[in-house]
Chemist: 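Provided herewith is a single structure, encoded as structure tokens, for subsequent inquiry.
Heavy-atom basis, side chains included; hydrogens, waters and symmetry copies ignored.
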Amino acid sequence: MNSSTVKNESKDKIAVELTPNEALALTGVEFNSDQGVKASARRKIRAAFEKTFDFTSEER
């Protein structure tokens with residue numbers, strides 16, 4: 001799984017490398033031959049988000 005994150009000080013943006021099929025799957029295009037494409041894209045985005053933002057310091 002290839003993903004990269006850009007950590008900036010303002011934490012306004014994250015960058016994730018997606019394949020063209022993963023990007024299309026996130027827009028709603030369905031891939032009947034490979035249904036794991038959308039799940040893969042979501043995993044990459046979730047991983048990049050978790051690397052960029054620290055959730056341990058927030059109290060509920």
Side-chain angles (χ1 to χ4, degrees):
M1 177 165 79
N2 293 336
S3 67
S4 66
T5 60
V6 175
K7 291 188 177 188
N8 58 17
E9 296 303 318
S10 64
K11 295 187 179 183
D12 290 342
K13 299 178 184 180
I14 60 171
V16 179
E17 289 184 18
L18 299 173
T19 66
N21 285 349
E22 289 170 336
L24 283 173
L26 292 175
T27 66
V29 176
E30 294 188 20
F31 291 87
N32 294 327
S33 61
D34 187 5
Q35 296 181 359
V37 175
K38 189 172 186 177
S40 173
R42 286 183 173 175
R43 278 193 300 272
K44 288 180 181 180
I45 291 172
R46 186 176 301 118
F49 195 88
E50 290 173 352
K51 288 179 187 176
T52 304
F53 299 98
D54 181 19
F55 297 106
T56 59
S57 63
E58 293 184 24
E59 295 181 16
R60 292 183 183 208

Chemist: Kindly compute the distance separating CD1 (I14) from CD (E50), expressed to the nearest 0.5 Å.
Modeler: 10.0 Å
Chemist: Nearest 0.5 angstrom please: L26 CG to I45 CD1, how far?
Modeler: 4.5 Å
Chemist: To check you understand the geometry: which heavy-atom pair defines the closest contact between A25 and V37, and what is its length?
Modeler: CB-CG1, 3.8 Å
Chemist: First locate atom CZ of F31, then atom CD of E22, and finally report the distance between them rounded to the nearest 0.5 Å.
Modeler: 9.5 Å
Chemist: Taking all atoms of both residues into account, what is the closest heavy-atom pair of V16 and A48, and its distance?
Modeler: CG2-CB, 3.4 Å
Chemist: Would you say the side-chain atoms of S40 pair up with the backbone N or O of G36, donor to acceptor, closer than 3.5 Å?
Modeler: no
Chemist: What residues form a side-chain contact (heavy atoms from CB on, under 4.5 Å) with T27, not counting sequence neighbours?
Modeler: L24, V29
